[in-house]
Amino acid sequence: MSNSPIPVDQFHTLKSGLRLHYTEVGQPSVHKPSLLCLHGGGPGASGYSNYKFNLPAFAAAGYHAVAPDLAGFGLSDKPETVEYTSQFHVQCMRELCQALGIQRYVPVGNSLGGSVALELYFADRAAVPALVLMAPGGLVDPATFWGTTEGGVALAKFAQTRPFSEQAFRDVLQLLVHDQAVIDDAIISERFPIAAAQPAQVFTSVSIQSTWEWLGDIQCPVLCFWGANDRFLPISQTLTLLEQAPHTKAVISNRAGHWYMLELPDDFNREVTDFLSAELSVQSTGYPAT
């Protein structure tokens, strides 16, 4: 794709004919699960933009990692004729994993991607040995809070506005982070052209399954990140996960907002690789990694 705002990597066409783009690093291994990095549902999002500071660290730690562009995002197809529900994204991700020969994987999901990660676990528990979540949806019924958060209100208003200006786009992105300097010209140039190509349907048809009713049934280890300055999903939801999912570790920082993996990448990368090393070692040997 010429003049692409993000690097062009791999494409896969689903059975439906819908084409998904994904960024891939590392090599699949029988000794380690793949990492399926799922971006959030903000305007202009893509697998590359959300995980560009994390994928090299995952590969260096010996992991095969795939960061797809969900349908309607990045360089993937953006039809106006589908409902962009979490179930739709789950179906697409399961088909993509099957096509890539991925049998075991750890979903790494932020926001909407966190909802999809949770649903992937419940849809195929045997394939998911662990979960890594960053301010995920799906922990609380969104009807109880989404219209009350500063970010949620701003995103809903933005999604219904066409055409929108670059400044309006920048204003929404600045609500996603603690330090507004993170929203630099490079991020705008990556995301704005994608956002301009997204039909309103991508945002207006979003719905998620009621995974908040099943949190007590999560049996795999969970690592959850939350920025104390998140203006989209309340940090109090971290306690919901800690209270209900029996094998959960939470990492909270007052130096992050909704994008922990982008705002504090070194901390995120270290926590994730250490967590996976320890938990996967226990699962394979019965003993912690030493």
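Remember, it's a predicted structure, so these values are computed and weren't measured experimentally. By convention here, the first residue in the shown sequence is residue 1.
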Take Ile183 and Val177 through the test side-chain contact (heavy atoms from CB on, under 4.5 Å) and record every step on the way to the result. CA-CA 8 Å; Ile183 307 303; Val177 297; 3.8 Å; yes
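- Judged by distance alone, the side chain of Ser205 and the main-chain N or O of Val202 form no donor-acceptor pair under 3.5 Å.
- The line from OG1 of Thr238 to CD1 of Ile235 is 5.0 Å long, rounded to the nearest 0.5 Å.
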Cut-off 3.5 Å, no hydrogens considered: what does the side-chain donor-acceptor table look like for residues 130-138, sequence neighbours left out?
none

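- Glu279 and His247 are not linked by any side-chain donor-acceptor pair at a separation below 3.5 angstrom, with hydrogens and angles left out of the test.
- Between Met261 and Phe53 the shortest side-chain heavy-atom distance does not fall below 4.5 Å.
- A heavy-atom distance below 4.5 Å is not found between the side chains of Asp141 and Ser210.
- Looking at Phe169 and Arg191, their side chains come closer than 4.5 Å, going by heavy atoms from C-beta outward.
- If you chain together hydrophobic residues whose side chains sit under 4.5 Å apart, Leu242 and Trp212 never meet in one group.
- If you check the side chains of Tyr260 and Asp267, you find a donor sitting under 3.5 Å from an acceptor.
- Connection of Val153 to Val172 is not established within any shared hydrophobic cluster, with ILVMFWY side chains joined at heavy-atom distances below 4.5 Å, either directly or through further cluster members.
- Among all heavy-atom pairs drawn from Val116 and Met93, the shortest one is CG1-CG, 4.4 Å.
- By the 4.5 Å heavy-atom criterion applied to side chains, Ser111 and Trp259 are not counted as neighbours.
- Rounding to the nearest 0.5 Å gives a distance of 14.0 Å between CG of Leu241 and NZ of Lys249.
- Atom CG of residue Leu35 and atom CG of residue Leu55 lie 9.0 Å apart, to the nearest 0.5 angstrom.
- His64 and Ser29 share no side-chain donor-acceptor pair at under 3.5 Å.
- Using modelled atom types, no side-chain atom of Arg104 and backbone atom of Ala126 make a donor-acceptor pair closer than 3.5 Å.
- At a cut-off of 3.5 Å, with distance as the only test, a side-chain donor of Glu119 or Ser86 sits close to an acceptor on the other residue.
- Inter-residue side-chain proximity for Val66 and Ile102 is flagged as met; some heavy-atom pair is nearer than 4.5 Å.
- Between Leu262 and Pro265, the shortest heavy-atom contact is O-CD, 3.4 Å.
- Counting heavy atoms of neighbouring residues, nucleotides and ligands inside a 6.0 Å radius, atom CD of Glu80 does not exceed 12 of them.
- Between Ala200 and Ala159, the shortest heavy-atom contact is CB-O, 3.9 Å.
- At a threshold of 4.5 Å between non-hydrogen side-chain atoms, the residues Asp217 and Arg125 count as touching.
- In this structure, the separation between CG on Asn54 and CG on Asn269 is 4.5 Å, given to the nearest 0.5 Å.
- Across all their heavy atoms, Pro33 and Leu280 have their closest contact at CD-CD1, 3.6 Å.
- Here the two rings, on Trp214 and Phe122, have centers that are under 6.0 Å apart.
- Gln198 places a side-chain N or O within 3.5 Å of a backbone atom of Gly44 that can act as its donor or acceptor partner.
- Counting only distance, with no hydrogens or angles, the side chain of Tyr51 and the backbone of Val108 share a donor-acceptor pair below 3.5 Å.
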Atom pairs and distances, side-chain donor-acceptor, residues 67-77, under 3.5 Å, sequence neighbours left out:
residue: Asp69; atom: OD1; partner: Gly47; partner atom: N; Å: 2.8
residue: Asp69; atom: OD2; partner: His21; partner atom: ND1; Å: 2.9
residue: Asp69; atom: OD2; partner: Leu75; partner atom: N; Å: 2.8
residue: Ser76; atom: OG; partner: His21; partner atom: N; Å: 2.8
residue: Ser76; atom: OG; partner: Asp69; partner atom: O; Å: 2.6
residue: Asp77; atom: OD2; partner: Arg19; partner atom: N; Å: 2.8

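- Applying the side-chain hydrogen bond (donor to acceptor under 3.5 Å, both in side chains) criterion to Asp185, with sequence neighbours excluded, gives Arg170.
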Before you tell me yes or no, could you show the steps for Gln87 and Gln209 under side-chain contact (heavy atoms from CB on, under 4.5 Å), namely the whole-Å CA-CA distance, both residues' side-chain angles and the distance that decides it to 0.1 Å? CA-CA 7 Å; Gln87 289 175 288; Gln209 293 191 72; 3.3 Å; yes
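- Put simply, NE2 on His12 and CD on Gln98 are 8.5 Å apart, with the number rounded to the nearest 0.5 Å.
- Between the side chain of Asp179 and the backbone N or O of Ala256, no donor-acceptor pair lies under 3.5 Å.
- Under the 4.5 Å side-chain criterion, counting only non-hydrogen atoms from C-beta, Pro5 is in contact with Ile194.
- Asn110 contributes no side-chain N or O that, together with a main-chain N or O of Gly113, makes up a donor-acceptor pair within less than 3.5 Å.
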Stepwise side-chain contact (heavy atoms from CB on, under 4.5 Å) check, Trp146 with Phe232: CA-CA 8 Å; Trp146 185 244; Phe232 281 77; 3.8 Å; yes
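- Of the residues listed (Leu139, Ile208, Val128), the one engaging Leu118 in a side-chain contact (heavy atoms from CB on, under 4.5 Å) is Leu139, and it is the only one.
- Hydrophobic clustering keeps Leu239 apart from Trp226 (ILVMFWY residues linked when any side-chain heavy atoms are closer than 4.5 Å, directly or through intermediates).
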Could you go through Thr85 and His89, starting from their C-alpha distance and side-chain angles, then the distance that decides it, and tell me whether this counts as side-chain contact (heavy atoms from CB on, under 4.5 Å)? CA-CA 7 Å; Thr85 66; His89 293 309; over 6 Å; no
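- Classification of the Phe225-Phe268 ring pair by plane angle, with boundaries at 30° and 60°, yields tilted.
- Separation of atoms CD (Gln27) and NZ (Lys32) is listed at 13.5 Å; rounding is to 0.5 Å.
- Summarising the local packing, CD of Gln10 is surrounded by more than 12 heavy atoms from other residues, nucleotides or ligands at distances under 6.0 Å.
- When all heavy atoms are compared, the tightest approach of Gly42 to Phe203 is C-CE2, 4.1 Å.
- Counting non-hydrogen atoms of neighbouring residues, nucleotides and ligands closer than 6.0 angstrom, the CD atom of Glu24 exceeds 12 such neighbours.
- Hydrophobic clustering places Tyr48 together with Val8 (ILVMFWY residues linked when any side-chain heavy atoms are closer than 4.5 Å, directly or through intermediates).
- Residues Ser165 and Ala168 share a closest heavy-atom pair of OG-N, 3.0 Å.
- Looking only at side-chain heavy atoms (C-beta outward), Asp124 and Leu120 stay at 4.5 Å or farther from each other.
- The environment of Phe145 atom CZ is dense: over 12 non-hydrogen atoms of other residues, nucleotides or ligands sit within 6.0 angstrom.
- Using modelled atom types, one finds a donor on one side chain and an acceptor on the other under 3.5 Å when comparing Glu83 with Gln201.
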